K.L.:
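Input: one structure, supplied below.
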Amino acid sequence: MNVAILGTGYVGLTTGACLAYLGHQVYCVDADPKKIEALERGEMPFFEPHLADVVADAKENLRFTTEYAQAIPAAQVIFIAVGTPPGPGGAPDLRYLEAAARGIGEYLGPHFTVIVNKSTVPIGSGNWVDSLVRDAFQKRGGSRAGGSFAVASNPEFLREGSALGDTLYPDRVVVGADEEPTAEVLYTLYRPILEQTFTAPAYLPRPEAIEAAPLISTDLASAELIKYAANAFLSLKISYINEIGLLAEKVGADIAQVAKGMGLDARIGTRFLQAGIGWGGSCFGKDTAALVATAAEYGLHMPIVMAAREVNKKQRERVVDKLLGELKILKGRTIGLLGLAFKPNTDDLRDAPAVDIAKRLIERGARVKAHDPVAMDRFRQEHSNCEVLLCASAEEVAEGCDALVLVTEWPEYRELDWESLAKSMRSAFVLDGRLVLDRTRLSRAGFRVSGLAG
Ligand code: UGA
């Protein structure tokens, strides 16, 4: 099928690359000419494992452009995957979505086209996009009834850092459309994923358990709400275990064991019960805020979701409190942060706990050093006024520090030569913000170790 993808962020580029890999003819469109030129040279705009490999493998089927006029007219399916950054008051800023919808209306081809909302958009956006496309189509002299198109919702559930695997081997595919022919187009598009009939890339083998991906075919509003309900639930799972962690510390319980003991109940599940600094990134904070804002428009209060947000915010403050408890004075101390990105395997710094923590420590007069395997360039670009001393290695961070904080659980941090790190520090204290370090080994190396829950 002919596909156009508007927006080359994590969602757009991953979706475009995977659909092209499956054999569809894909145009990826982005307003930024520099980004498009770089993509044409095979350079990825962000760090995401295997994205460059899939783009290279699919290059026969994948084109990049800044022009809607090139991508839209022939497209049978158009994905809107533009950014919906948080706006003031919690509701997302929809200006890019609006511009994309108008642009589609201006260039829509004569055949039936399915326009898919892939970005996480507020509930009800499907209808709004429909009217924007129709208006733009009429303005250019189209018929009053508008072009032959329909809007569908197809939320994505990919995680940064494992975006390609999540797209090729999803837990489920959700298609929201108010009419059957619209949904049919998307089943055809996704058939190789739904039936798992494509040849798996050698670098991303098909997990053994996967034979087919379940399809949830529903109406527009339900598909839109599924995305928010899923993200908010994952957020509150994390905040729940962090809240239990507070009590675990008081009663002397081991939160990792508590999480495991809880999670092995199949009704609960072990994933997203990793206690620690809490969530960051572009999704959970934004989507929980948007859900609360949407509910408020209907006169509804969402105390559970709001509590999850509050608990998450406090976890970052607890990092500073813990350091204060250990060091007594923060002014003049040197604190080393291991990890800047909001999670491992990405260089994304949006709502990254490390940035927040660094700022709070600097405000209190501490000196902050940091390392991240891939996010330091981005940190230099996006946080040039944040006075963090970036170091080429974790060893360099540790030198002369009063405390280390493990903020992002990059696997390589577990394997550090902790014995020599302890020797190079002014005081060998480590705050394991993700509960991933081997405490026995670190204690043997001479460290005092603490987590956020004791
Ligand atoms: C999240 C969802 O997991 C995806 O399904 C969804 O598609 C995406 O948002 C989106 O809406 O676009 P993502 O934000 O990329 O994906 O990353 P996650 O792996 O969900 O991690 C989010 C944050 O939660 C990270 O900061 C991570 O460190 C934290 N986390 C995760 C915990 O603190 N504890 C856990 O047990 C799990």
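Order of appearance sets the numbers: ligands from 1, and atoms from 1 within every ligand. Not measured: the values here are computed from a predicted model.
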K.L.:
Using salt bridge (Lys or Arg N to Asp or Glu O under 4.0 Å) as the criterion, list what pairs up with R364, not counting sequence neighbours.
P.N.:
none

K.L.:
Please write down residue, atom name and distance for the protein heavy atom closest to atom 29 (C) of ligand 1.
P.N.:
W279 CA, 3.8 Å

K.L.:
Would R206 and Q196 count as having a side-chain donor-acceptor pair, cut-off 3.5 Å?
P.N.:
yes

K.L.:
Could you give the side-chain donor-acceptor pairs of residues 258-273 under 3.5 Å, partners two or more places apart or in another chain?
P.N.:
residue: D265; atom: OD1; partner: R267; partner atom: N; Å: 2.9
residue: D265; atom: OD1; partner: R267; partner atom: NE; Å: 3.1
residue: D265; atom: OD2; partner: R267; partner atom: NH2; Å: 2.8

K.L.:
Output the list of atoms in ligand 1 that are nearer than 4.0 Å to some heavy atom of E156, sorted by atom number.
P.N.:
7 (O), 10 (C), 12 (O)

K.L.:
Starting from atom 6 (C) of ligand 1, locate the nearest protein heavy atom and write down its residue, its atom name and how far away it is, to 0.1 Å.
P.N.:
L158 O, 3.3 Å

K.L.:
Counting non-hydrogen protein atoms only, what is the nearest one to atom 14 (O) of ligand 1? Give residue, atom name and distance.
P.N.:
F342 CE1, 3.7 Å

K.L.:
Looking at atom 15 (O) of ligand 1, what's its closest protein heavy atom, distance included?
P.N.:
E160 N, 2.8 Å

K.L.:
Report the part of Y10 (side chain from C-beta onward, or backbone N, CA, C, O) that has a heavy atom under 4.0 Å from ligand 1; answer both or neither where that applies.
P.N.:
neither

K.L.:
Determine, using heavy atoms of R434 and all atoms of ligand 1, whether some pair is separated by less than 4.0 Å.
P.N.:
yes

K.L.:
Of the non-hydrogen atoms in F47 and Y10, which two are nearest, and what is the gap between them?
P.N.:
O-CE2, 4.4 Å

K.L.:
Which residue holds the protein heavy atom closest to atom 5 (O) of ligand 1, what is that atom called, and what is the gap in Å?
P.N.:
F157 O, 2.9 Å

K.L.:
So for G280, does at least one of its heavy atoms come nearer than 4.0 angstrom to any atom of ligand 1?
P.N.:
yes

K.L.:
Could you tell me whether D377 and R380 make a salt bridge, using a distance below 4.0 angstrom between a side-chain N and a carboxylate O?
P.N.:
yes

K.L.:
Return yes when C283 approaches ligand 1 closer than 4.0 angstrom through a heavy atom, no otherwise.
P.N.:
yes

K.L.:
When you measure from the side chain of Q76 to the backbone of N2, do you find a donor-acceptor pair of N or O atoms at a distance under 3.5 Å?
P.N.:
yes

K.L.:
Examine ligand 1 and decide if any of its atoms is less than 4.0 Å from a heavy atom belonging to K227.
P.N.:
yes

K.L.:
Considering only protein heavy atoms, which is closest to atom 37 (C) of ligand 1, and at what distance to one decimal place?
P.N.:
F272 CD2, 3.4 Å

K.L.:
Tell me the contacting part of L273 for ligand 1: side chain, backbone, both, or neither, using a 4.0 Å heavy-atom threshold, strictly below.
P.N.:
backbone

K.L.:
Out of curiosity, L215 CG to I193 CD1, how far, rounded to the nearest 0.5 Å?
P.N.:
11.5 Å

K.L.:
Checking side-chain polar atoms at under 3.5 Å, does K227 have a donor or acceptor matched by the opposite partner on S153?
P.N.:
no

K.L.:
Is K314 salt-bridged to E243, going by a charged N under 4.0 Å from an acidic O?
P.N.:
no

K.L.:
Look at atom 30 (N) of ligand 1 and say which protein heavy atom is nearest, naming residue and atom and giving the distance to 0.1 Å.
P.N.:
I238 CD1, 3.4 Å

K.L.:
May I ask you to identify the nearest protein heavy atom to atom 18 (P) of ligand 1, giving residue, atom name and distance to one decimal place in Å?
P.N.:
K343 NZ, 3.5 Å

K.L.:
Should the ring pair H50 and Y203 be called parallel, tilted or perpendicular, given that the plane angle runs from 0 to 90° and is split at 30 and 60?
P.N.:
parallel

K.L.:
Check each of K286, E409, Q315, Q274 against atom 36 (O) of ligand 1 and report the one with the nearest heavy atom.
P.N.:
Q274

